[in-house]
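Below, each value reflects all heavy atoms present in this structure, side chains not excepted, and no hydrogens, waters or symmetry copies. Here is how names work: the chains are called A, B, and so on, in the same order as the sequence lines, proteins then strands, and each is numbered from 1.
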Amino acid sequence: MTPNAPTPPAANFIHQIIDEDNASGKHGGRVQTRFPPEPNGYLHIGHAKSICLNFGTALKYGGKCNLRFDDTNPVKEDIEYIESIQEDVRWLGFQWDGLYYASDYFEQLYEWAVQLVKKGKAYVCDLSAEEVSKTRGTLTKPGTESPYRNRSVEENLDLFQRMKAGEFPDGARTLRAKIDMASNNINLRDPVMYRILHATHPHVGDKWCIYTMYDWAHGQSDSIEKITHSICTLEFEIHRPLYDWFIQELGIFAPRQIEFARLNLTYTVMSKRRLLELVKNQYVHGWSDPRMPTIRGLRRRGYTPEAIRAFCERIGVARNDSTIEMVWLEDALREDLNKRAERRMAVLKPLKVVLTNYPDGQTEELEAINNPEDEKAGTRKAPFSKVLYIERDDFMENPPKKYFRLGPGREVRLRYAYFIKCVEAIKDASGEITELHCTYDPATRGGNAPDGRKVQGTIHWVSAAHAISAEVRLYDHLFVKPDADDVPEGQDWRANLNPNSLQVVTDAKLEPSLKDVKIGDKVQFERLGYFCVDEDSKPEALVFNRAVTLKDTWAKEQKKG
RNA sequence: UGGGGAAUGGUGUAACGGUAGCACAGCAGACUCUGGAUCUGCUUGUCUAGGUUCGAAUCCUAGUUCCCCAGCCA
């Protein structure tokens, strides 16, 4: 299954800015973006929005997009994430132009820092973390200047060089930009540029013991890569003055930072912290649990890159905080799989049906269409015999008004097979229905009555003698409320975790044509939904994940009461 | 109560002083061998109050609500 080429995104306010820049000749029509993840976690659907935006923008303007790891904090980062991120970006269908690491620029960053020190725009500060915090002031009160703020250039140069040389322990000193302790923007109150961290870095090893802060790395990395439009999320807006300040003091290529609203989705959480907590506390089974909004979770669930891209396209890009309804994501998947997934019949909650007038021991092969949306998908044969399974939900002893399925004395169509009429429901001692006795009409073979009589319902079925068993995992929302934070006083978001987000059907009955499916295959179980073969699946023990249900107007009808 | 942002139907998103459009959801119907898909129609909106203007979602004034910032995180 090769992904189709990604399509460029629809116009948005960022593209308007680019159009204006191109019109004014600002970068000579050149467009360069980047996707800059920190390798400290797995990518999620929120990152997908950023990926589609950055890569899509480059695609739209014939520009370039780099993948750059913002790896400035070795204590949180790991090679595992560096690898998984590349995998996920590629899986989404994008190929970066340059693959870079902020840590590749550490030498250049150091030289530039020295340059700022020489200009009197940066100084080594001996204050502890607590002291820095205390002297920063508050939102309404200015901070106070560090007693080390006015050291001589020579002393600063010496100290900074010794910081780099590893002469001081973690936290002993920092290099700070000398800007304005009274600024209304707290980011400008002499922000820390370097801290001492004797830690092994996943990409550059033990070469460094001073590490750059985000603000001192990001803009300069953008500049080095000649990024024309540096797209990030809204919370960095307040950092923009600092971003611009560093660039200006250095007199280097000036990218433009543009912020957009990050993605929020109902019935899930998106922060790395919370996702990590779900994994650590085993609310889910790892980062690729199909209930997770991670790229790997979605992939395992059965999502396709095309569906995710279509979703990102549809939600748009703007500066308003927003929360997209989960059905948008689900709908994007349905739309994609409806065109592509072959149909099969599977019974999740089997109810035995005996066709009393069907010859014992007879089997026939009935032709079924693989995909009504795609003629090229062809047909297959499904075996039919005297004993079948149908879905328990497709029989009701006392059917309500709008129920079109089987009931005592009712006739329905077995998909691609025959009309059957229910004669009797057999019960056990406790009154539970154990099987149905039905008759079939031989004249309706294939599913149509020669006398033109119509039937209200068509249900799916599987021949008992030919069925194969499988485990099917049914997923529901991770949270019970659209907003995970919508909890009573004194409780937190975890109170909204859905205890029924996973239900396992251990003995579903599938039509035998499904026996050779491979991990990752996607199929529609007719009338039930789209399913994906899980990585736990083995040829002798198949496992399917329900990616998404089909729209179900009967379920909706029932809810109305 | 410092600074920076944002407010358009249920949810998103357009409009750039000139008919508030589109998508998803919802409702009603058509069609249907998936109560799927497809098709048709419909309901629902400019945060509030003033002002400028022939004309305001758009410009001005004042308010309201929400988000972000006080890591040696990104």
Side-chain angles (χ1 to χ4, degrees), chain A residues 10-12 16 36-38 40 70-73 75-77 125 127-130 132-134 136-143 170-176 183-189 191-197 210-211 213-215 217-218 232-241 259 261 266 272 314-328 330-332 334-335 338-339 343 345 368-369 372-373 402-405 412-417 419 444 446-448 454-460 482 524-530 549-557:
Chain A
N12 55 53
Q16 290 183 8
E38 184 190 13
N40 69 343
D70 222 336
D71 56 350
T72 56
N73 187 358
V75 307
K76 289 193 176 173
E77 295 153 8
C125 179
L127 256 26
S128 71
E130 299 93 290
V132 168
S133 172
K134 231 175 276 171
R136 184 155 21 231
T138 68
L139 294 178
T140 51
K141 283 196 210 72
D170 288 3
R173 290 179 225 265
T174 56
L175 185 77
R176 293 227 255 166
S183 173
N184 285 325
N185 183 343
I186 289 178
N187 293 291
L188 262 20
R189 317 237 265 230
V192 172
M193 297 165 67
Y194 280 95
R195 74 284 214 187
I196 300 172
L197 236 39
I210 54 172
Y211 287 97
M213 297 291 288
Y214 165 85
D215 289 298
H218 200 95
C232 64
T233 45
L234 249 25
E235 66 269 27
F236 292 103
E237 185 164 29
I238 195 82
H239 291 249
R240 196 170 64 220
E259 311 86 14
T266 56
K272 279 182 187 174
R314 217 166 287 173
I315 58 177
V317 178
R319 291 173 60 88
N320 317 336
D321 292 309
S322 61
T323 301
I324 278 84
E325 293 176 343
M326 185 61 98
V327 291
W328 285 46
E330 295 170 347
D331 207 72
R334 286 193 192 101
E335 198 175 303
N338 175 49
K339 290 176 300 191
R343 321 276 126 129
M345 291 194 285
I369 294 166
E373 303 289 320
K402 288 180 179 167
Y403 189 80
F404 300 153
R405 285 108 96 149
V412 299
R413 171 169 36 234
L414 294 180
R415 181 101 155 129
Y416 299 125
F419 285 12
T444 58
N448 287 301
K454 298 286 183 199
V455 92
Q456 269 206 109
T458 298
I459 64 174
H460 59 278
Q524 182 196 102
F525 290 166
E526 294 224 16
R527 305 209 302 135
L528 296 176
Y530 295 97
T549 60
L550 253 26
K551 284 189 189 160
D552 189 343
T553 51
W554 168 239
K556 208 184 287 171
E557 193 67 40

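If you take atom C1' in B/G3 and the same atom in B/C24, they sit 37 Å apart, rounded to whole Å. Across the P atoms, B/G4 and B/A62 are found 14 Å apart, a figure rounded to whole Å. Using atom C1' as the reference point in both B/G10 and B/G50, the two lie 31 Å apart (nearest Å). Rounded to whole Å, the P atom of B/A56 lies 15 Å from the corresponding atom of B/C16. Annotation: B/U46 and B/C31 have their C1' atoms spaced 38 Å apart (nearest Å). Of the C1' atoms belonging to B/U13 and B/A57, the separation is 14 Å, rounded to the nearest Å. B/C59 and B/U8 have their P atoms separated by 15 Å, given to the nearest Å. Between the C1' atoms of B/U40 and B/U48, the separation comes to 39 Å (whole Å).
Looking only at side-chain heavy atoms (C-beta outward), A/Arg343 and A/Arg527 stay at 4.5 Å or farther from each other. With a 4.5 Å cut-off on side-chain heavy atoms, A/Asn448 and A/Phe419 do not count as touching.
A/Ile459 has its CD1 atom 13 Å from the P atom of B/U34, to the nearest Å. Whole-Å rounding puts the A/Arg314 CZ to B/C22 P distance at 16 Å. Between A/Glu235 atom CD and B/C68 atom C1' there is a gap of 8 Å when expressed in whole angstrom units. In this entry the distance linking CD1 of A/Ile186 with C1' of B/G5 reads 16 Å, nearest Å. Atom C1' of nucleotide B/G2 and atom CD1 of A/Ile238 are separated by 10 Å, given to the nearest angstrom. Distance A/Lys556 NZ to B/U34 P: 18 Å, rounded to the nearest Å. Taking atom CD on A/Gln456 and atom P on B/U32, their separation rounds to 13 Å, with Å as the unit. In this entry the distance linking CD1 of A/Ile315 with P of B/G12 reads 11 Å, nearest Å.
Counting any heavy atom pair closer than 4.0 Å across all strands shown, A/Glu38 reaches sugar-phosphate atoms only and no base atom. A/Tyr403 comes within 4.0 angstrom of a nucleotide base, judged by non-hydrogen atoms across all strands. A/Arg343 comes within 4.0 angstrom of a nucleotide base, judged by non-hydrogen atoms across all strands. Within 4.0 Å of A/His239, counting heavy atoms only, lies at least one base atom of the nucleic acid. Counting any heavy atom pair closer than 4.0 Å across all strands shown, A/Pro372 reaches a base atom. If you check every strand for non-hydrogen atoms under 4.0 Å, A/Ser322 touches sugar and phosphate atoms only. Looking at heavy-atom distances under 4.0 Å, A/Lys141 makes no contact with the nucleic acid at all. Residue A/Leu127 is in base contact, counting any heavy-atom pair closer than 4.0 Å across all strands shown. No engagement by A/Tyr194 is indicated, since no non-hydrogen atom pair under 4.0 Å with the nucleic acid exists. Counting non-hydrogen atoms under 4.0 angstrom, A/Asn448 reaches a base of the nucleic acid. Among the atoms of the strands shown, only primed sugar atoms or phosphate atoms (P, OP1, OP2) are found under 4.0 Å from some heavy atom of A/Ala318.
Stacking between A/Tyr214 and B/A74 is absent: the aromatic ring centre is not both under 5.5 angstrom from the base six-membered ring centre and within 30 degrees in plane angle. Judged by centroid separation below 5.5 Å and plane tilt below 30°, A/Trp328 does not stack onto the base of B/G12.
Taking side-chain N and O atoms only, A/Arg195 has a distance below 4.0 Å to OP1 or OP2 of B/C73. The side chain of A/Lys272 places no N or O atom within less than 4.0 Å of a non-bridging phosphate oxygen (OP1 or OP2) of B/C73. Phosphate contact (OP1/OP2 of B/A25, side-chain N/O of A/Lys551, threshold under 4.0 Å): present. Look at A/Thr458 and you won't find any side-chain N or O under 4.0 angstrom from OP1 or OP2 of B/U32. At least one side-chain nitrogen or oxygen of A/Asn320 sits closer than 4.0 Å to the OP1 or OP2 atom of B/U13. The side chain of A/Ser133 contributes an N or O atom lying less than 4.0 Å from OP1 or OP2 of B/G71. Considering only side-chain N and O atoms, A/Asn185 lies nowhere under 4.0 angstrom from the phosphate OP1 or OP2 of B/G4. At the phosphate of B/A74, OP1 or OP2 sits under 4.0 Å from a side-chain N or O atom of A/Thr72. The side chain of A/Arg319 places an N or O atom within less than 4.0 Å of a non-bridging phosphate oxygen (OP1 or OP2) of B/A6. Taking side-chain N and O atoms only, A/Lys454 has no distance below 4.0 Å to OP1 or OP2 of B/U32. Distances shown here put a side-chain N or O of A/Arg136 below 4.0 Å from the OP1 or OP2 atom of B/C72.
You'll find a donor-acceptor pair under 3.5 Å spanning the side chain of A/Gln16 and the base of B/C16, going by distance alone. A donor-acceptor contact under 3.5 angstrom links the side-chain atoms of A/Gln524 to the base of B/U34. No N or O donor and acceptor, one from the side chain of A/Glu259 and one from the base of B/G4, sit under 3.5 Å apart. No donor-acceptor contact under 3.5 Å links the side chain of A/Arg334 to the base of B/G36.
Atom-to-atom distance recorded for A/Met213:CE and A/Asn73:CG is 8.5 Å, nearest 0.5 angstrom. Distance NZ/A/Lys402 to CD/A/Gln456: 11.5 Å, rounded to 0.5 Å.
The backbone N or O of A/Thr266 sits nowhere less than 3.5 Å from a side-chain atom of A/Thr323 that would complete a donor-acceptor pair. A/Arg319 places a side-chain N or O within donor-acceptor distance of the main-chain N or O of A/Glu259, the cut-off being under 3.5 Å. A/Arg189 places a side-chain N or O within 3.5 Å of a backbone atom of A/Ser183 that can act as its donor or acceptor partner. In this structure, the side chain of A/Arg195 does not engage the main chain of A/Asp170 through any donor-acceptor pair within 3.5 Å.
Between A/Val455 and A/Val412, the closest heavy-atom pair is CG2-CA, 3.5 Å. Of all heavy-atom pairs spanning A/His239 and A/Asp215, the tightest one is ND1-OD1, 2.8 Å. Shortest non-hydrogen contact noted between A/Arg314 and A/Asp331 is NH1-OD2, 4.3 Å.
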Dot-bracket notation for RNA chain B, counting Watson-Crick and G-U pairs under 3.5 Å, with | for partners on another strand: .((((((..((((....[..)))).(((((.......)))))....(((((..]....))))))))))).....

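Ionic pairing of A/Arg415 and A/Glu526 is present here: one or more N-O contacts between side-chain nitrogen and carboxylate oxygen are shorter than 4.0 angstrom.
Among A/Thr72, A/Thr174, A/Leu175, the single residue meeting the side chain to side chain contact (heavy atoms under 4.5 Å, CB included) criterion with A/Tyr194 is A/Leu175.
Not counting sequence neighbours, the partners of A/Tyr403 by the ring-ring contact (aromatic ring centres under 6.0 Å, His included) test are A/Trp554.
More than 90° away from 0 lies the glycosidic angle of B/G50, which makes this nucleotide anti.
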Please list each protein N or O that sits under 3.5 Å from an N or O in nucleotides 39-41 of chain B, with the distance.
none

